[in-house]
Amino acid sequence: MELPVGRTETVDLPGQPLHVWRAGDTGPLVLLVHGIPTNHTLWWDVVPRLHEHARVVAVDMAGYGGSPAPEGTGVDLSSQAARLLELLDTLGEERAVVAGHDLGGGVTQILATTAPQRVAAATVIDGVCYDGWPVPGIKALKLAWPVLERLPANALEKVLRTALRPLFAHQDRAGQAVDRFVAPWLEPGGGHRLARHLRSLDSVYTQAVAPFLPRLDVPLEVVWGQLDHQMKPRYGERLAREVPGANLTRVQDASHFVPVDRPDVVAEAVLRALQRAGARTGG
């Protein structure tokens with residue numbers, strides 16, 4: 001799969017590697033974190049809008065895309081956040097501007113509240129938060145995990161495509177994105193890997209950090225698709241209201257997958273986060 005810009009590579013971390021998409025040679029580090037059941041290609045049309053302003057690293061979280069997750073490896077939000085700190089250490093980076101969608105939005109909140117010295121600024125895009133997840137569609141898949149992990153690839157593909165297509169406002173943009181999201185799960189063992197992720201989903205992780213959000217001293221941009229019928233807009237409004245100085249961007253013509261529906265709006269929000277991080281440090 002030819003990327004629009006940059007390259008993919010494997011970064012060796014303690015214990016296991018992470019597969020990442022890197023683009024841009026100068027500027028601050030921007031770390032992009034996807035959700036379930038996507039991968040680094042969620043940011044297909046966002047990275048080209050950022051790479052001239054920053055060094056962009058779009059990760060495949062452990063067990064997603066090209067990143068392995070051996071049995072016994074944690075794939076919950078807390079474990080994923082810890083692994084991203086290891087990634088920053090391995091890359092020799094003290095801080096990053098972190099942007100996350102869906103589960104990645106939850107990971108972003110965990111990083112910002114538990115390791116604020118490593119987060120220069122943050123952007124949460126239709127991210128899981130508080131007790132508002134797993135959302136109904138994912139909850140249904142979670143309940144069905146014993147069946148999903150045994151499905152043949154063609155049946156699993158049908159389930160995923162059926163679940164994902166309604167989460168886009170711009171159906172003309174959905175087709176290729178869904179192709180990229182689904183492909184890794186059709187590889188051998190894909191159903192088992194997906195079932196592991198579904199079993200790990202628990203709002204306890206975002207509820208645990210929620211009391212610390214009103215004290216967060218990290219510049220935050222919140223972006224929310226107003227047509228998102230899964231992770232509903234009221235959660236974005238609450239997040240923006242509770243975090244001091246947070247900016248909320250309501251995207252009227254976007255559903256859950258705002259990075260696909262409106263990559264321009266997402267890129268603008270990340271660039272604002274970059275500017276706010278620079279203003280705080282005098283950079």
Side-chain angles (χ1 to χ4, degrees), residues 28 30-36 38 42-43 45-46 49-50 54 58 77 81 84 95-116 118-135 167-169 203 205-280:
V30 171
L31 188 63
L32 301 178
V33 191
H34 64 85
I36 190 171
T38 66
L42 170 73
W43 312 100
D45 295 312
V46 176
R49 292 172 162 87
L50 299 177
L77 292 196
L84 294 185
R95 307 176 82 204
V97 172
V98 184
H101 172 261
D102 188 79
L103 293 189
V107 170
T108 299
Q109 293 165 63
I110 292 171
L111 290 173
T113 52
T114 63
R118 309 300 299 272
V119 180
T123 304
V124 173
I125 307 125
D126 289 64
V128 299
C129 51
Y130 306 108
D131 62 352
W133 67 288
V135 298
L167 302 182
F168 298 83
S203 66
Y205 301 104
T206 50
Q207 292 188 70
V209 300
F212 301 97
L213 293 173
R215 288 179 273 166
L216 188 63
D217 188 27
V218 171
L220 175 65
E221 297 288 328
V222 179
V223 180
W224 224 270
Q226 297 302 284
L227 303 178
D228 191 344
H229 52 83
Q230 295 284 313
M231 200 66 210
K232 297 185 183 299
R234 68 174 180 270
Y235 291 105
E237 293 167 359
R238 178 182 174 186
L239 184 62
R241 184 172 62 249
E242 293 193 357
V243 175
N247 293 329
L248 172 62
T249 300
R250 297 178 175 89
V251 191
Q252 300 299 332
D253 62 335
S255 184
H256 185 66
F257 285 111
V258 187
V260 177
D261 280 332
R262 291 298 305 272
D264 55 329
V265 175
V266 171
E268 288 166 4
V270 176
L271 291 174
R272 282 197 302 275
L274 274 170
Q275 292 170 352
R276 294 175 68 186
R280 285 167 63 93

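Each residue takes its place number in the sequence, starting with 1. Computed from a prediction, not measured in an experiment: that's the story for all the values here. Computed from heavy atoms alone, side chains included, the values below leave out hydrogens, waters and symmetry copies.
- The two residues Leu274 and Ala54 make their nearest non-hydrogen contact at CD1-CB, 4.0 Å.
- Under 4.0 Å is where a charged nitrogen must lie from a carboxylate oxygen, and between Glu237 and Arg250 at least one such pair does.
- A distance of 11.0 Å separates CZ of Arg234 from CG of Asp228, quoted to the nearest 0.5 Å.
- Residues Arg276 and Asn247 have side chains in contact (heavy-atom distance under 4.5 Å, counting atoms from C-beta outward).
- Between Phe212 and Thr114 the shortest side-chain heavy-atom distance does not fall below 4.5 Å.
- Here the closest heavy-atom approach between residue Leu227 and residue Ser255 is recorded as O-OG, 3.3 Å.
- At a threshold of 4.5 Å between non-hydrogen side-chain atoms, the residues Asp102 and Thr38 do not count as touching.
- The list of ring-ring contact (aromatic ring centres under 6.0 Å, His included) pairs with a residue in residues 215-273, not counting sequence neighbours, reads His101-His256, His101-Phe257, Phe168-Phe257, Phe181-Phe257.
- Leu220 is listed as a side-chain neighbour of Leu239, based on a closest heavy-atom distance under 4.5 Å.
- Interatomic distance, Thr206 OG1 to Ile110 CD1, rounded to the nearest 0.5 Å: 7.5 Å.
- Tested against Val119, the residues Leu111, Thr108, Leu216 include a single side chain to side chain contact (heavy atoms under 4.5 Å, CB included) partner, Leu111.
- The minimum heavy-atom distance between Val270 and Val30, with the atom names listed, is CG1-CG1, 3.9 Å.
- Ala120 approaches Val97 most closely through the heavy-atom pair CB-CG2, 4.1 Å.
- Atoms CZ and CD, from Arg262 and Glu268 in turn, are 7.5 Å apart once rounded to the nearest 0.5 Å.
- What you find for Val223 and Ala269 is that their closest heavy atoms are CG2-CB, 3.4 Å.
- Counting all heavy atoms, side chain and backbone alike, Leu50 lies closest to Ala267 at CD2-O, 3.7 Å.
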Evaluate side-chain contact (heavy atoms from CB on, under 4.5 Å) for Leu213 paired with Gln109, printing each intermediate quantity in order.
CA-CA 8 Å; Leu213 293 173; Gln109 293 165 63; 4.0 Å; yes

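- Proximity of Val251 to Asp261: side-chain heavy atoms (C-beta onward) are nowhere separated by under 4.5 Å.
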Throw together a table of side-chain donor-acceptor distances under 3.5 angstrom for residues 123-130, partners on residues two or more places apart or in other chains.
unit_1, atom_1, unit_2, atom_2, d
Asp126, OD1, Gly225, N, 2.9
Asp126, OD2, Gly225, N, 3.3
Tyr130, OH, Glu242, OE1, 3.1

